[in-house]
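These notes are about the structure you will find just below.
Note that the structure is a prediction, hence the values are computed from the model and not measured.
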Amino acid sequence: MTDLLLNASSFLLSGFMALTLGQVVMILAGGGLLYLGIAKGYEPLLLLPIGFGAVLVNLPLTGLMEHEGLLRFFYDHGVLTEVFPCLIFVGIGAMTDFGPLLHRPGILLLGAAGQFGIFLTLALALALGFTQLEAVAVGVIGACDGPTAIYVTSKYAPHLLGPVSVAAYSYMSLVPLLQPPIMRLLTTKRERAIVMKASKESVSRPVRVLFPVVVTVVTCLIAPKGAPLMGMIMLGNLLRESGVVGRLAASAENEIPNVVTLLLGISIGATMQADQFLRPATLLVLALGMVAIILDTVMGLLFGKLMCLLSRGAINPLIGAAGISAYPMAARVAQVEGMKYNKRSYLLMHAMGANTGGQIGSVMAAGIMLSLLQGLGMG
């Protein structure tokens, strides 16, 4: 009887006995992500499942990420196969209105300028000793686009998926805190007070329907490796704009991304195992991710100032900061910042044009990098 009780108590305490200091640290880190998502409202749709996944995977003896474990199944069949990120892009496309961009196509250049930080950070990562594939994964954090970062990292540097994903989504949620100081530093009060004229013309339905088809063909010819991402985001937009598949468009905008976001988040959290996450490289990835987003914002603003100069003051350079892929958060930040200096300034629709340009630009940047890697025999 005594032996039975001893065995029972050993069994009950086995989980506690197997718990390591690293796992405790990562459980607390997961709790921190839960706090940010629940208490602070920072990207709760993703930080909550990521945080809970991090807690789960660091509980000893659960086997969740071992062969045939539940989280391993989600990770192998959803993340490594690239299914989850691509399905998320269908939802993004269905939720995105490209009308503001079509009103003023030149604003697309701000979306392109906002991606320069990716390539600058890539060069910095290479200089710091990351391999070419790792540097691409780190640089793409600057897109401020979680699904793109996950897609690229899971394809070429899966061992960095945890820190890259956490950096991408955490910094995206911090855009309202990160961008305003940079905006004020790089623009003058006069520039921030510029009122941009709103277009009174509406974009015709044929143009809206043709846009996703034309963009898909052109961009995929330029960067074929970006076809999965660009194809899915434009498919979602075509569902929205066609007007003939309301049920599919509604599912693409709601049910599909909701379910996939949950599974994607918990799968990302599952990569945050203590023995893999608690490394010096993780801190370096987080630091470089911050640098990438700051550089993207800086380049977008500088190009916005150039457009302001060339247009003789018709374009408010603040919308250049929206040329990243944090949609529609970055556009709202530009609107709020502009109204602080001119109550008559309504930048939201113009900034949305730059923001949707950033969506396209981030996918194009990823596609170009992946195509270059393939050309180098690394893809």
Could you give the side-chain donor-acceptor pairs of residues 288-295 under 3.5 Å, partners two or more places apart or in another chain?
none

Would L286 and I118 show up in the same hydrophobic cluster when neighbours are defined by side-chain heavy atoms closer than 4.5 Å?
yes
Quick one: do F303 and M299 satisfy side chain to side chain contact (heavy atoms under 4.5 Å, CB included)? Show the steps, please.
CA-CA 6 Å; F303 199 83; M299 296 304 295; over 6 Å; no
Any side-chain heavy-atom pair of T62 and L56 under 4.5 Å
no
Hydrophobic cluster identity match, V215 and I222, side-chain contacts under 4.5 Å:
yes
Working for side chain to side chain contact (heavy atoms under 4.5 Å, CB included), residues L47 and L34:
CA-CA 6 Å; L47 291 191; L34 290 174; over 6 Å; no
Salt-bridge criterion met for E253 and R240 (N-O under 4.0 Å)
no
E337 and R192 ion-paired at < 4.0 Å
no
In the hydrophobic cluster built from side-chain contacts under 4.5 Å, what are the other members alongside Y341?
none
Would you say CZ of F52 has more than 12 non-hydrogen atoms from neighbouring residues, nucleotides or ligands within 6.0 angstrom?
no
State, to 0.1 Å, how close G304 and P317 come at their nearest heavy-atom pair, and which atoms those are.
C-CB, 3.6 Å
Decide yes or no on side chain to side chain contact (heavy atoms under 4.5 Å, CB included) for L264 and V79, but give the supporting numbers first.
CA-CA 7 Å; L264 178 63; V79 178; 4.1 Å; yes
Flag if over 12 foreign heavy atoms under 6.0 Å of CZ, F211
yes
Single-linkage hydrophobic cluster, 4.5 Å side-chain cutoff, L210 and L238 together
no
Do M95 and L46 share a hydrophobic cluster, counting only Ile, Leu, Val, Met, Phe, Trp and Tyr and linking them when any side-chain heavy atoms are less than 4.5 Å apart?
no
Taking atom CD1 of I50 and atom CD1 of I268, what is their separation to the nearest 0.5 Å?
4.5 Å
Between I150 and S165 the two heavy atoms that sit nearest each other are CG1-OG, 3.6 Å
Transitive ILVMFWY side-chain link V363 to V217, under 4.5 Å
no
Value rounded to 0.5 Å, distance of CZ in F84 from NE2 in H77
10.0 Å
